[in-house]
Amino acid sequence: LDFDLGVHLMKQEDGGLTASGCFKIFGKLETNVIGAHQWRFHKFTMDGFTVKIDLPVVKGCGALTLFKEDPVYGNGFSAYLDAKILGKDSDQKGAYTCGADIESAFSLSLAAVFGNKDGMRFFMLDGYVSSDKLSVPLPPTPLSLTGFGGGAFYRMKITELSDSPENGNAIPAGIDTSGLIYEPDPGTLFGLKFAVGITTTGIEASGGSPINGKLAVIVRFGNGLSLQNITFWGTAELINPLGDFELPDIDEKIGTLAISDSERQHKDEGEMKNAQDKIMAKMGLSLDFD
């Protein structure tokens, strides 16, 4: 039996704090002494839940994922929270949508995973805070720091480079605030992570700063405190400095005449979901040491 559960701590039209999740009740079909079949309770499980915060000064989404006898993580839980603290001059109106890009005084992201795999305990903790109002110049470059973060992990290592979570509804287990996914590793003792946000200053472009990004350095140590790995990971968003200038799109329009209405609609919907004036870039460098 599967049950979906939703809890609203305020009236739904007022937003507030809402949580949702699901739990399952398992039964076993057994045969009694007279040969009749009957159901008996076997176990109760909860996979996790999500939370949405929609208060006047705080907006955010989070998720908690519970795992038991997972082939990768064993037993434990993974959690993620992305929150935005609005300034007093914020004009945010209407219901908040997870992952929405809204103006805020500060943004806070937290990630954690704790577990036990085959008797080996492991964990990862990570946090990042940023603000458009925070700007620490890095002379002589046209760059400034806009955020700081870091974390630590024990008996884990990075196994995959992923996208940073944008909402609290679909978050992979073991992911940190930079989109790096960690998995248990008995050969790793512990590791440290440092992250900063960067933006360009003194260069104006339509839509904001030409470059916004995040840089992270992760150092991993093995048993005996031996240096195992140094990973550099960066993401950047480049805004088109041409602003509102648009090139002629006659060839593109001619090309769409040959496709069906359904294909054209699908193409238009895809273009609407992706900003046409931005380029997303990601780059990683991993150095292993024997």
Side-chain angles (χ1 to χ4, degrees), residues 1-55 58-83 95-100 108-127 151 153-160 162-177 179-186:
L1 299 175
D2 292 357
F3 297 87
D4 290 328
L5 178 67
V7 178
H8 299 267
L9 301 185
M10 297 174 62
K11 293 182 179 180
Q12 287 186 258
E13 58 269 22
D14 294 336
L17 180 63
T18 60
S20 60
C22 65
F23 61 91
K24 301 176 182 179
I25 299 177
F26 292 83
K28 275 188 175 181
L29 185 61
E30 298 180 347
T31 304
N32 58 22
V33 293
I34 61 174
H37 295 299
Q38 62 182 12
W39 288 101
R40 288 189 179 275
F41 172 78
H42 175 51
K43 64 179 179 178
F44 171 90
T45 66
M46 177 175 286
D47 297 332
F49 64 88
T50 62
V51 62
K52 178 180 176 182
I53 306 169
D54 192 358
L55 299 172
V58 181
K59 312 287 183 181
C61 294
L64 175 68
T65 302
L66 306 174
F67 37 83
K68 185 175 183 180
E69 298 179 355
D70 185 88
V72 176
Y73 294 95
N75 302 318
F77 70 89
S78 177
Y80 195 94
L81 175 65
D82 186 16
Y96 173 70
T97 302
C98 290
L108 175 65
S109 298
L110 299 171
V113 57
F114 288 85
N116 188 314
K117 181 71 163 57
D118 299 329
M120 180 189 71
R121 296 181 182 273
F122 61 87
F123 72 82
M124 182 272 294
L125 290 169
D126 187 43
F153 51 94
Y154 172 75
R155 296 298 183 190
M156 302 189 79
K157 72 174 184 179
I158 299 171
T159 59
E160 185 178 349
S162 179
D163 293 330
S164 299
E166 295 182 354
N167 57 66
N169 297 321
I171 297 179
I175 194 168
D176 71 0
T177 60
L180 305 174
I181 296 180
Y182 297 71
E183 291 184 1
D185 178 47

To the nearest 0.5 Å, tell me how far [X] [atom1] sits from [Y] [atom2].
X	Y	atom1	atom2	result
T31	H37	OG1	NE2	5.0 Å
L81	I53	CG	CD1	5.5 Å
N75	D118	CG	CG	9.5 Å
E183	I158	CD	CD1	11.5 Å
I25	F44	CD1	CZ	6.5 Å

| Can you list the steps and then say if V113 with F122 is a side chain to side chain contact (heavy atoms under 4.5 Å, CB included)? | CA-CA 8 Å; V113 57; F122 61 87; 4.2 Å; yes
Who passes ring pair (Phe, Tyr, Trp, His ring centres under 6.0 Å) against [X], sequence neighbours left out?
X	answer
Y154	F123
F26	none
Y73	F67
F77	F114

| If every non-hydrogen atom of G127 is compared with every non-hydrogen atom of L110, which pair is closest and at what distance? |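 Smallest heavy-atom distance, with atoms named: CA-CD2, 4.0 Å.
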| remark: All heavy atoms of L64 vs all of A79, minimum pair found to be CD1-CB, 3.9 Å
| Are K59 and D54 within salt-bridge range, i.e. N to O under 4.0 Å? |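 Here K59 pairs with D54 in a salt bridge, since their nearest N and O are under 4.0 Å apart.
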| task | Take F49 and L5 through the test side chain to side chain contact (heavy atoms under 4.5 Å, CB included) and record every step on the way to the result. | result | CA-CA 9 Å; F49 64 88; L5 178 67; over 6 Å; no
| With sequence neighbours left out, which residue pairs that include part of residues 63-77 fulfil the salt bridge (charged side-chain N to carboxylate O under 4.0 Å, His left out) condition? | none
| task | Only pairs at least two apart or in different chains count here, so list each salt bridge (charged side-chain N to carboxylate O under 4.0 Å, His left out) that has a residue in residues 22-32. | result |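 Sorted result for residues 22-32: K24-D47, E30-R40.
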| message | Donor-acceptor check, side chain of R155 to backbone of P186, threshold 3.5 angstrom: yes or no? | response |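 Yes, the answer is positive, given that a donor and an acceptor are paired below the 3.5 Å cut-off.
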| message | Treating S78 as the side-chain partner and G174 as the backbone partner, does any N or O pair qualify as donor plus acceptor under 3.5 Å? | response | yes
| Criterion side chain to side chain contact (heavy atoms under 4.5 Å, CB included) on D185 and M156, from CA distance to verdict | CA-CA 5 Å; D185 178 47; M156 302 189 79; 5.8 Å; no
| query | Any side-chain heavy-atom pair from S109 and Y80 closer than 4.5 angstrom? | reply | yes
| With a 4.5 Å heavy-atom cut-off, do D82 and C61 have their side chains touching? | no
| Evaluation steps, side chain to side chain contact (heavy atoms under 4.5 Å, CB included), between M124 and D126 | CA-CA 7 Å; M124 182 272 294; D126 187 43; 3.8 Å; yes
